[in-house]
Novice: 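Handing you this structure, nothing more for now.
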Amino acid sequence: FFLGIYIWQRQLKYLVFVLGLFAIFQIIHVFCLVSWNNQELILIGSCKSNTVINLIEGRHCTVLTNGDTDSDEFQYALRSFWTEQGVAGHIESKTLDTSLGHHAPWLGNNLLISFAGKQVVIMNENVSLQFHSPEPLKIDLLVITGDVKANLDATLELFSPDRIVIDAS
């Protein structure tokens with residue numbers, strides 16, 4: 001619009017105004033890109049009775065789920081969230097199984113993953129209480145999901161989480 005006024009009026013003050021607006025919009029855009037590139041998010045939810053864990057680091061996203069993530073309904077349900085967070089490119093989908101993270105016999109089918117410097121335990125089943133430690137394992141996040149009927153006292157003997165998330169699936 002303002003560029004059109006400059007061309008129509010041929011006055012330098014309009015060109016300076018247009019270039020100033022352009023510079024302001026570019027600065028705002030750069031700040032958005034920097035914030036997207038520095039973000040580290042963990043979003044835990046339930047989508048059609050499936051646990052969905054979004055791990056967003058920068059503009060990349062990994063989705064952990066215990067169900068089908070390739071369906072159009074699933075992609076549609078989360079696409080606007082991913083777009084708002086600036087996620088670009090391919091979104092990696094993985095199922096919640098023991099091929100992810102660190103596996104130890106005392107964990108059973110539960111997962112211990114490290115994401116953005118945080119230690120996260122995803123409890124898919126009741127923890128085997130055959131392992132006893134003098135001190136609980138310090139973790140940042142404990143996610144209890146699926147059909148786990150966890151004994152919280154026994155679980156807290158194994159883990160010392162900063163936060164506990166109980167998923168609705």
Side-chain angles (χ1 to χ4, degrees), residues 1-103 107 110-124 137-146 159-169:
F1 174 73
F2 292 107
L3 187 58
I5 291 175
Y6 166 71
I7 292 170
W8 180 55
Q9 295 290 325
R10 303 253 186 221
Q11 293 183 8
L12 189 59
K13 65 180 177 182
Y14 293 117
L15 180 62
V16 171
F17 184 70
V18 168
L19 292 177
L21 280 177
F22 181 73
I24 290 170
F25 288 133
Q26 286 301 314
I27 290 170
I28 292 170
H29 181 69
V30 166
F31 280 117
C32 286
L33 286 177
V34 168
S35 69
W36 284 339
N37 288 333
N38 293 332
Q39 70 182 338
E40 296 170 344
L41 292 173
I42 299 176
L43 174 77
I44 302 164
S46 181
C47 184
K48 292 197 171 198
S49 298
N50 291 322
T51 300
V52 179
I53 301 173
N54 287 285
L55 303 173
I56 299 175
E57 186 169 19
R59 300 192 70 187
H60 304 286
C61 180
T62 301
V63 177
L64 307 176
T65 183
N66 59 355
D68 179 25
T69 59
D70 293 329
S71 71
D72 290 337
E73 290 177 12
F74 177 81
Q75 295 285 332
Y76 180 77
L78 292 173
R79 181 63 60 189
S80 65
F81 172 77
W82 293 330
T83 302
E84 287 176 12
Q85 300 308 315
V87 172
H90 177 70
I91 295 167
E92 191 175 354
S93 297
K94 296 184 178 185
T95 57
L96 289 171
D97 60 20
T98 55
S99 65
L100 294 172
H102 306 290
H103 182 65
L107 276 173
N110 302 309
L111 300 173
L112 172 62
I113 60 173
S114 180
F115 172 74
K118 305 281 187 205
Q119 302 302 318
V120 180
V121 170
I122 302 170
M123 258 179 84
N124 305 354
L137 177 65
K138 177 81 174 112
I139 59 174
D140 297 294
L141 183 64
L142 173 65
V143 180
I144 300 174
T145 183
F159 304 111
S160 174
D162 289 339
R163 292 187 182 151
I164 298 175
V165 176
I166 302 174
D167 180 28
S169 61

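FYI, side chains are in, hydrogens and waters are out, and symmetry mates aren't considered; it's all heavy atoms of this structure.
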Novice: Hey, could you give me the CD1/CG distance between Ile28 and Leu33, rounded to the nearest 0.5 Å?
Specialist: 12.5 Å

Novice: Quick one: closest heavy-atom pair of Trp36 and Glu84, and the distance?
Specialist: NE1-O, 3.6 Å

Novice: Are Leu111 and Val121 packed together at the side-chain level, in the sense that at least one heavy-atom pair is separated by less than 4.5 angstrom?
Specialist: no

Novice: Got Leu55 and Leu64 here, is their nearest side-chain heavy-atom distance under 4.5 Å?
Specialist: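 Yes, side chains in contact.
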
Novice: What's the shortest heavy-atom distance between Gly86 and Arg59, and which atoms?
Specialist: O-NE, 2.7 Å

Novice: What are the two closest heavy atoms between Thr65 and Thr51, and how far apart are they?
Specialist: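 Smallest interatomic distance, heavy atoms only, reads OG1-O, 2.7 Å.
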
Novice: Determine whether Ile122 and Thr145 make a side-chain contact, defined as any pair of heavy atoms from C-beta on separated by less than 4.5 Å.
Specialist: yes

Novice: Sequence neighbours left out, what passes side-chain contact (heavy atoms from CB on, under 4.5 Å) with Arg163? Give chain and number order.
Specialist: Leu141

Novice: To the nearest 0.5 Å, what is the distance between NE2 (His29) and CD (Gln26)?
Specialist: 6.5 Å

Novice: What pairs with Gln85 under side-chain contact (heavy atoms from CB on, under 4.5 Å), at least two apart in sequence or on another chain?
Specialist: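 Here the qualifying residues are Gln39, Leu41, Ile56, Phe81, Val87.
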
Novice: Do Val143 and Met123 come within less than 4.5 Å of each other through their side chains, counting heavy atoms only?
Specialist: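 Side chain of Val143 against side chain of Met123, heavy atoms only: no contact under 4.5 Å found.
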
Novice: As an exercise, state the distance from CD1 of Ile42 to CD1 of Ile113, rounded to the nearest 0.5 Å.
Specialist: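 So the gap between those two atoms works out to 7.0 Å.
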
Novice: CD1/Ile164 to CZ/Phe159 distance, rounded to the nearest 0.5 angstrom?
Specialist: 11.0 Å

Novice: Report the residues that fulfil salt bridge (Lys or Arg N to Asp or Glu O under 4.0 Å) with Asp162, sequence neighbours left out, ordered by chain and then residue number.
Specialist: Lys138

Novice: Output the distance between atom SG (Cys61) and atom CG (Asn54), rounded to the nearest 0.5 Å.
Specialist: 4.5 Å

Novice: CG of Asp140 to OG of Ser160: how many Å apart, nearest 0.5 Å?
Specialist: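 Answer for the CG-OG pair, Asp140 versus Ser160, is 10.0 Å.
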
Novice: Determine yes or no for a side-chain-to-main-chain donor-acceptor pair under 3.5 angstrom, with Asn37 supplying the side chain and Gly58 the backbone.
Specialist: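 No, the answer is negative, given that no donor and acceptor are paired below the 3.5 Å cut-off.
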
